[in-house]
Protein chains: 2
Amino acid sequence: MKADVCTARGRPREFCPDAALASALRVFWSKGYEGASMTDLTEAMGITRPSLYAAFGNKESLFRKALDLYEREKLDYISTALDEPTARAVAEALLRGALENQMAQDEPHGCLGVISSVACGAEAESIRAEVLERGKTAKSALIARFERAKAEGDIPAHVDVEGLTGYLFAIIQGMAVQAGAGVSREDLERLIETSLMVWPSN
Amino acid sequence: MKADVCTARGRPREFCPDAALASALRVFWSKGYEGASMTDLTEAMGITRPSLYAAFGNKESLFRKALDLYEREKLDYISTALDEPTARAVAEALLRGALENQMAQDEPHGCLGVISSVACGAEAESIRAEVLERGKTAKSALIARFERAKAEGDIPAHVDVEGLTGYLFAIIQGMAVQAGAGVSREDLERLIETSLMVWPSN
DNA sequence: CACATTATGTATCGCTCGTTATGAAAGCCG
DNA sequence: CGGCTTTCATAACGAGCGATACATAATGTG
């Protein structure tokens, strides 16, 4: 049980797992879980099938690791947005952060979470459940933030906070749908401007 | 060439094509184009594979016919909404119509168009293109309606009509994502109330 | 150097997919 | 009844899927 921690025995691997995982993330991001075949993945990652299975388990395990990477590196704008001083600033940071995430150059358009929660087949059911679970925690955090804003008088008293959160989530998810559908960045910026224009204030 | 129009020669078919198509629509609606297998479809339609191919061509052709049926019977709320007298009434009719469509009892939750435009694989590319095309025409119609509303002083002069249309579309698409993700009807109603509360007025 | 250990490349597994060939069954017409 | 036409059910096709068995190659250890 007490294994030497510094010795790497056996033949060393010839690829970087982090870089390979990043490539896999791009494939899942653009094609979805079921739409990404093992051939797509291995070709993008530059490794053979057995290497992939040895390093990442199976397809589902690889997807979860890619989802972790996605949350850590691409969805960090969400937690930073919650630190904005006003509810309006939180909403603006979320909308603009989502735009950058969904329309980044050299990255697939759209949102991996939305793609994975919409698609489809039977094998992806546990994947879907996990993605939905992660989305729920994000929504809870946003509700808590807006509750605080309401207590601070930052949101009008007559506003339903949970309704407002679901409303803002819907705009972001709708943006993801449109980004994946090929809508231009300029159009999404106008969408955001409109959202901010109608944002409830005192 | 001049065939008798009233004589049905040969063995009569033992199923109703319209009912079978309606069943197929429900399968596509809940599982998406690629998520729906021919086994799923034939079982739901109550017919065998060769009967399906003889009556509807192939899977893609069946999907297009189902999409036609969906637009005709489930998306009719869109064209009726455009007849509302004010821009706000149009928006409200669209939102409430979308809710009824996406959360109808005994029907799959979500929107077939959103599901089909998000998913995924390579074989569905031509399907995706067709769905996006139909969505564009709906968006154009809504833009034209809001242009008229703006000319009638029904929408504030400072509002960007195309931005407003994309914004409203995003809310509806986001609602579809949430409906497919299992959000309750009550939550979507609160989402709609919030959307109507912030709708721009003079 | 021989050994244990780990990674690699090839080739293949069983399975499901969409699609179709085949022949029997059921209805009209003469 | 015998020909003609269309639909039915069974069974199978080739292709692609995710996942692996196997032998080989490359490292550290005794």
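Numbers restart at 1 for each chain; the letters A, B, ... are given by sequence-line order, proteins then strands.
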What is the distance, rounded to the nearest whole Å, between atom [atom1] of [X] and atom [atom2] of [N]?
X      : N      : atom1 : atom2 : result
B/N58  : C/dT20 : CG    : P     : 8 Å
A/F63  : D/dA19 : CZ    : P     : 14 Å
A/E123 : C/dT16 : CD    : C1'   : 10 Å
B/E60  : C/dC17 : CD    : C1'   : 16 Å
B/L62  : C/dT19 : CG    : C1'   : 14 Å
A/L52  : D/dG18 : CG    : P     : 11 Å
A/F56  : D/dG18 : CZ    : P     : 16 Å
B/K31  : C/dT16 : NZ    : P     : 14 Å

Self-check item: Exercise: identify the closest heavy-atom pair between B/A93 and B/A81
Solution: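 Smallest interatomic distance, heavy atoms only, reads CB-CB, 3.6 Å.
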Exercise. Indicate the atoms forming the closest heavy-atom contact of A/F15 with A/A55, along with that distance.
Key: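 That would be CZ-CB, 4.0 Å.
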Quiz item: Yes or no on side-chain hydrogen bond (donor to acceptor under 3.5 Å, both in side chains) for B/K65 and B/S61, after CA distance, side-chain angles and deciding distance?
Solution: CA-CA 6 Å; B/K65 291 182 171 67; B/S61 158; 3.0 Å; yes
Quiz item: For B/A36, which contact category applies under a 4.0 Å heavy-atom criterion: base, sugar-phosphate, or nothing?
Solution: sugar-phosphate
Self-check item: Contact letters for nucleotides 3-14 of chain C, in which S counts primed atoms plus P, OP1 and OP2 and B counts the base, heavy atoms under 4.0 Å
Solution: --BBBSBB----
Quiz prompt | Salt-bridge contact A/K74-A/E100 (side-chain N to carboxylate O under 4.0 Å) | solution = no
Quiz item: side-chain hydrogen bond (donor to acceptor under 3.5 Å, both in side chains): which pairs involve residues 24-35 of chain B, sequence neighbours left out?
Solution: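 Those involving residues 24-35 of chain B are B/R26-B/E107, B/K31-B/D40.
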Quiz prompt | No-hydrogen, no-angle side-chain donor-acceptor test under 3.5 Å, A/Y167 and A/D160 | solution = no
